[in-house]
Amino acid sequence: MPPVFALVDCNNFYASCERLFNPRLIGQPIIVLSNNDGCVIARSNEAKAAGIAMGQPFHECAGLIHRHQIAVFSANFGLYGDLSHRVMQTLERFTSAMEVYSIDEAFLTLPVQPGEDPAPLAHRIRQTIRRETGLPVSVGIGPTRVLAKLANEIAKHTPALNGVSNLIPLSNRNDCLARTPVEEVWGIGSRLTRRLAAIGIHTAADLRDADPSRIQTVLTVQGTRIVHELRGRACIHLEDLAAPRKTLTCSRSFGRPVTGLDELREAVVAYVSRAAEKLRAQHSLAEALQIYIRTNPFRPTDPQYSATATLRLPVPSDHTPTLAAVAGRAVATIYRSGYVYHKASVLLFGLCAREHRPLDLFASASATDVIRQTRLMTALDSLNATFGRHTVQVASAGLEKPWKMRQNHRSPSFTTRWTELPVVSAGCERPKKKMEMPCTSVWPRVSHS
DNA sequence: TCTGGGGTCCTAGGACCC
DNA sequence: TCTGGGGTCCTAGGACCC
């Protein structure tokens, strides 16, 4: 029997998360801003209706924000990540085969019998998530992931469907594909849309009916997979999403311009420290790192400069001071004075599992050194997990951090920081010290009463 | 004044090997 | 006249996703 896929996607996820802890915002327009409060990355339906565009620069929205009394939030990824975890935990109960695809969506293989209508189960999933996490989701059902994804879009935009759409029946599917512009198909972006238009393909149905070998010359092999998926033959297989990442990035724009090498180096060291933290969290080592710096392309009258430096480590490592020293040297080689820097990023690559740590033929660090370094990093991560990020850090990452990003509208970390809990009952004081909750904490198990 | 961050996959082309 | 062929690995860049 062919599989029945469901794509469960949280509606306007970041905006819904903010609303969850602030019920006064129900029915009100909300936007969430990118890091540095740069541009809009999430909108409630009311904000969409008010005319706020996805990706719109924040400073261009001032008029609409004022006119429609739109609530503005800086992104609070700690909060969103924690709520995402709860949604995924709840979803796991409905299937043995689930792929978490992003922070707000997951593919499930639905356990239904041949001939059974999967829609009632989809409605149950939707109601359960709503009841247990407070978040609204939509469910799209299809015989392939591409069709399930499309079904989800339809569910979101068709209120009469009550949040569930099923593209398994052919009658539903043919009609829907003929009405769907090809750029709404998962995997077809703006460039590919233009290439397809040039050969007369405008709708999802056109693409489904196209000759796969012709599509291969225009869209490469990925395009032919999409054609088969639209025809109902599943051939896109997601990787094991629990698998460790192959690269890790930490990339940020600065909260204010940076001109001097010392400040730039400080920022790069701070970013590499964060990347190293992620590296240790997934039990990997990095073999090489790449540093990138650039000026502000949105100020074309300023002199423009960007540069990349790639360095290989003598042996793969996850030791922050080692990585920071290499990164510090790398940034000095590409820094040029006389420019106003706007952004830096650090990419760690050539990752391997920690247990496959290769031996160093020339033994620049002895086995004892490696053990000591590992213990030190474990202690550092544990202190920062308990008492908050940056409690202990390498000195070269700077204490003042004048370049750090703006977050002028951030909501409290309602679920991940004891001091920012939304409800404090009488006689129960919040801890005075800054303390992080263990990252496994699960809010709904805490009683509101 | 003010324009995000973090990933993946695929392909082409160069370097290098025998 | 006439200058191989086949393979791998690496990297940069393009395209997509949320």
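Keep in mind the model is a prediction, meaning the values are calculated, not measured. The chains referred to below are lettered A, B, ... by the order of the sequence lines, with proteins before strands, and numbering in each begins at 1.
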Student: So, applying side-chain contact (heavy atoms from CB on, under 4.5 Å) with A:Glu132, which one of A:Arg93, A:Gln89, A:Gln127 is it?
Tutor: A:Arg93
Student: If we ignore angles and hydrogens, is there a donor and acceptor under 3.5 Å between the side chains of A:Ser74 and A:Asp37?
Tutor: yes
Student: By nearest nucleotide on DNA chain B, pick out whichever of A:Asn35 and A:Arg299 is the more 5' one.
Tutor: A:Arg299
Student: Could you verify whether a donor N or O on one side chain and an acceptor N or O on the other, from A:Arg280 and A:Thr320, lie under 3.5 Å apart?
Tutor: yes
Student: With a 4.0 Å cut-off, would you call A:Asp302 and A:Arg299 a salt bridge?
Tutor: yes
Student: Just call it for A:Asp37: base, sugar-phosphate, or nothing, with non-hydrogen atoms closer than 4.0 Å on any strand.
Tutor: nothing
Student: Base, sugar-phosphate, or nothing for A:Ile103, non-hydrogen atoms under 4.0 angstrom?
Tutor: nothing
Student: Counting any heavy atom closer than 4.0 Å, what does A:Glu105 reach on the DNA or RNA strands: base, sugar-phosphate only, or nothing?
Tutor: sugar-phosphate
Student: Touch check for A:Leu248, heavy atoms < 4.0 angstrom, all strands: base, sugar-phosphate only, or nothing?
Tutor: sugar-phosphate
Student: Just to be sure I understand the rule, does A:Phe58 reach a base, reach only the sugar-phosphate, or reach nothing, if contact means heavy atoms closer than 4.0 Å?
Tutor: nothing
Student: Under 4.0 angstrom, heavy atoms only, what part of the nucleic acid is A:Ser190 near: base, sugar-phosphate, or nothing?
Tutor: sugar-phosphate
Student: Does atom NZ (A:Lys401) have a neighbourhood of more than 12 heavy atoms from anything else shown, all under 6.0 Å?
Tutor: yes
Student: Closest-nucleotide mapping onto DNA chain B: is A:Arg225 or A:Cys250 further toward the 5' terminus? I mean the 5' end.
Tutor: A:Cys250
Student: Enumerate, in order of first residue number, the stems that involve DNA chain B, defined as 3 or more consecutive Watson-Crick or G-U wobble pairs with both distances under 3.5 Å.
Tutor: B:5-18 with C:5-18
Student: Contact class for A:Arg312 vs. all strands (heavy atom < 4.0 Å): base, sugar-phosphate, or nothing?
Tutor: sugar-phosphate
Student: Give a yes or no on whether the backbone of A:Ala75 and the side-chain of A:Asn35 come within a donor-acceptor separation of less than 3.5 Å.
Tutor: no
Student: Using the heavy-atom set of chain A and a strict 4.0 Å cut-off, write down the first and last nucleotide of DNA chain C that makes it in, 5' to 3'.
Tutor: C:dT11 to C:dC18
Student: Quick check on A:Arg256: does its CZ atom have over 12 non-hydrogen neighbours (other residues, nucleotides or ligands) under 6.0 Å away?
Tutor: yes
Student: Would you call A:Tyr339 and A:Leu264 a side-chain contact if the rule is heavy atoms closer than 4.5 Å?
Tutor: no
Student: Taking side chain as C-beta onward, heavy atoms only, is A:Ser165 less than 4.5 Å from A:His157?
Tutor: no
Student: By the 4.0 Å heavy-atom rule, please label A:Arg194 as base, sugar-phosphate, or nothing.
Tutor: nothing
Student: For atom C1', what is the distance between B:dC17 and C:dG4, given to the nearest Å?
Tutor: 14 Å
